[in-house]
There are 2 protein chains.
Amino acid sequence: MHYSSVMGEVPGLRERKKLRTRQALITEALRLFLEKGYEQTTVSEIAMAAEVSTRTFFSYFASKEEVLLHHVRESLDRALRTVAERRSDDSPADLLARVVATAFEATMGSAEMRRDSASITQLMMTVPSLRAYGLLLLFDTQRELAEALHQACPEELDLIEASAAVGGVIGAVKLAGFICLRRGGSPDEVAEASRRAAEIAIAGMRAVGKGETPGDPALGNR
Amino acid sequence: MHYSSVMGEVPGLRERKKLRTRQALITEALRLFLEKGYEQTTVSEIAMAAEVSTRTFFSYFASKEEVLLHHVRESLDRALRTVAERRSDDSPADLLARVVATAFEATMGSAEMRRDSASITQLMMTVPSLRAYGLLLLFDTQRELAEALHQACPEELDLIEASAAVGGVIGAVKLAGFICLRRGGSPDEVAEASRRAAEIAIAGMRAVGKGETPGDPALGNR
DNA sequence: TGCAAACTTGCACTAGATGTACTTTTATGG
DNA sequence: CCATAAAAGTACATCTAGTGCAAGTTTGCA
């Protein structure tokens with residue numbers, strides 16, 4: 001080592017270039033998608049704009065969808081971490097509530113992020129293949145999230161209850177938020193809708209584990 | 001009219017052929033998918049097996065995914081009808097419970113259907129693009145379902161509450177069922193898991209509209 | 001029998017995605 | 001400072017899903 005004796009301080013030229021290329025692809029992709037539409041933009045054009053070959057694009061992102069939704073994976077990982085760091089006095093319901101709140105905070109935090117995620121949300125609402133890919137990412141993460149929640153609260157929730165809780169809360173927030181947005185709701189209204197949805201869904205699980213799931217006659221309970 | 005004076009009795013040769021072709025495509029597709037895997041099967045092979053041109057395949061199904069998941073759309077439409085036919089003495093929760101029960105009945109009804117849907121489910125679990133497409137269908141239907149539920153119960157539920165209810169229940173059932181299945185659960189166990197999940201999710205909405213949504217401090221309620 | 005509408009087909013073409021072999025760039029040890 | 005290997009990037013070939021179009025073929029019906 002010639003330049004620095006402190007471990008891990010300078011990322012190295014190679015790493016820096018890689019990161020720059022990656023960022024260029026992301027930026028140019030979003031710009032082009034907004035400028036001329038997702039389907040009208042080809043991968044080759046994105047690569048051209050970022051000054052790399054088409055083949056190189058696919059060594060950074062596995063698909064055209066991924067270049068736009070890479071950040072989704074990150075926020076989902078954050079949610080996983082939130083669950084893993086359960087505070088000792090959290091009830092499962094509290095924990096899930098904080099997951100939702102944290103996720104919201106993260107996507108709506110800075111103004112710049114709010115602008116970007118608004119554009120991306122807009123694209124997801126109008127382009128089916130993006131919606132499908134987003135739903136896939138979200139679903140696959142929910143599986144991990146359910147396992148994590150069960151691990152974090154092994155005494156209160158069995159795996160099925162944890163699944164129902166995670167699936168219920170995320171499903172409720174997802175649909176309510178989306179429908180509110182579709183109706184032309186402002187960011188504040190969307191946030192409020194999501195909050196109410198989470199509240200409704202979480203109300204169901206507060207009853208669980210207190211020995212008072214009464215059974216639902218309409219479901220053919222035995 | 002030469003053959004029959006009763007309106008709508010005989011579907012006509014053209015219609016019958018179309019139906020036969022459609023069925024042949026569906027059957028051959030499923031057979032090939034199971035025989036050699038989804039990704040390993042090309043649309044051209046399916047068309048060949050059903051003795052039509054590749055081009056014709058795409059005049060019956062818009063995508064390779066659709067030939068496998070055409071029935072999903074049907075069962076989702078059935079769910080929509082169930083909501084539209086609300087009985088006067090149903091609470092929203094009862095109604096949603098019946099939607100879930102009816103959907104289950106429909107997919108698990110006959111032995112033949114159970115066998116087919118087991119194969120299809122297996123494929124959906126292992127093939128990402130199928131999972132994504134299925135999730136997309138389900139999500140888009142949920143939007144309609146939420147609107148229908150709101151229409152059916154305009155006094156009890158506003159649109160956001162209806163969204164939360166639909167999203168919550170379906171999200172819970174979906175994830176719990178899937179996770180149970182992944183763990184090698186038997187059909188009975190999956191059914192039981194889904195039932196419990198629906199119960200938990202529906203418990204949340206029984207509280208709604210009774211003036212007793214207490215607010216959740218962890219969600220930053222005002 | 002003949003005509004029109006519906007259905008099917010072949011063909012050309014675009015675009016996403018992958019494998020491979022080759023060149024350029026970066027890291028590092030002597 | 002140079003040799004060398006590892007890593008990244010590129011060119012090229014190929015495969016498949018999916019679409020548009022201009023034929024041809026079958027069916028419905030008068």
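Every heavy atom of this structure was used, including side-chain atoms; hydrogens, water molecules and symmetry mates were not. Every chain is numbered from 1 and lettered A, B, ... according to where its sequence line falls, protein lines coming before strand lines.
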| field | Side-chain donor/acceptor of A/Q23 to backbone N/O of A/R20, under 3.5 Å | value | no
| Quick one: is A/T42 getting a side-chain N or O under 4.0 Å of the C/dA15 phosphate, OP1 or OP2? | no
| field | Phosphate OP1/OP2 of D/dG9 contacted by A/S53 side-chain N/O (<4.0 Å) | value | no
| said: If you only use heavy atoms from C-beta on, which nucleotide in C/dT9, D/dG9, C/dT8 is closest to the side chain of B/S59? | reply: C/dT8
| field | Atom-pair distance (NZ on B/K17; P on C/dT9), nearest Å | value | 10 Å
| query | Contact class for B/T41 (heavy atom, under 4.0 Å): base, sugar-phosphate, or nothing? | reply | sugar-phosphate
| message | Without decimals, in angstroms, what is the distance between B/Y133 OH and D/dA17 P? | response | 15 Å
| message | Nearest whole Å is fine: how far is C/dT8 P from B/R22 CZ? | response | 12 Å
| task | Just call it for B/S63: base, sugar-phosphate, or nothing, with non-hydrogen atoms closer than 4.0 Å on any strand. | result | sugar-phosphate
| field | Of B/F57 and A/T56, the one whose closest DNA chain D nucleotide lies more 5' | value | A/T56
| Backbone of B/T141 reached by a side-chain donor or acceptor of B/E144 within 3.5 Å | no
| Are any of B/Y60's side-chain N or O atoms less than 4.0 Å away from OP1 or OP2 of C/dC7? | no
| d(NZ, B/K64; C1', D/dT19) in whole Å | 18 Å
| task | Can you tell me the distance, in whole Å, between the NZ atom of A/K18 and the P atom of C/dT25? | result | 18 Å
| request: Look at the side chain of A/K174 and the backbone N and O of A/L135, then say whether any donor-acceptor pair between them is shorter than 3.5 Å. | output: no
| query | DNA chain D: B/R14 or B/E65, which has the more 5' nearest nucleotide? | reply | B/E65
| Rounded to the nearest Å, what distance is computed from the CD atom of residue A/E51 to the P atom of nucleotide D/dT10? | 10 Å
| Do B/R55 and D/dG18 have a side chain to base donor-acceptor pair shorter than 3.5 Å? | no
| remark: Taken to the nearest whole Å, CE/B/M48 to C1'/C/dT9 is 15 Å
| said: Any side-chain to backbone donor/acceptor pair from B/E15 onto B/G12? Under 3.5 Å, distance only. | reply: no
| request: In whole angstrom, give the distance that lies between atom CD of B/E39 and atom C1' of C/dG16. | output: 14 Å
| message | Taking the side chain as everything from C-beta on, heavy atoms only, tell me whether B/L136 gets closer than 4.5 Å to A/L136. | response | no
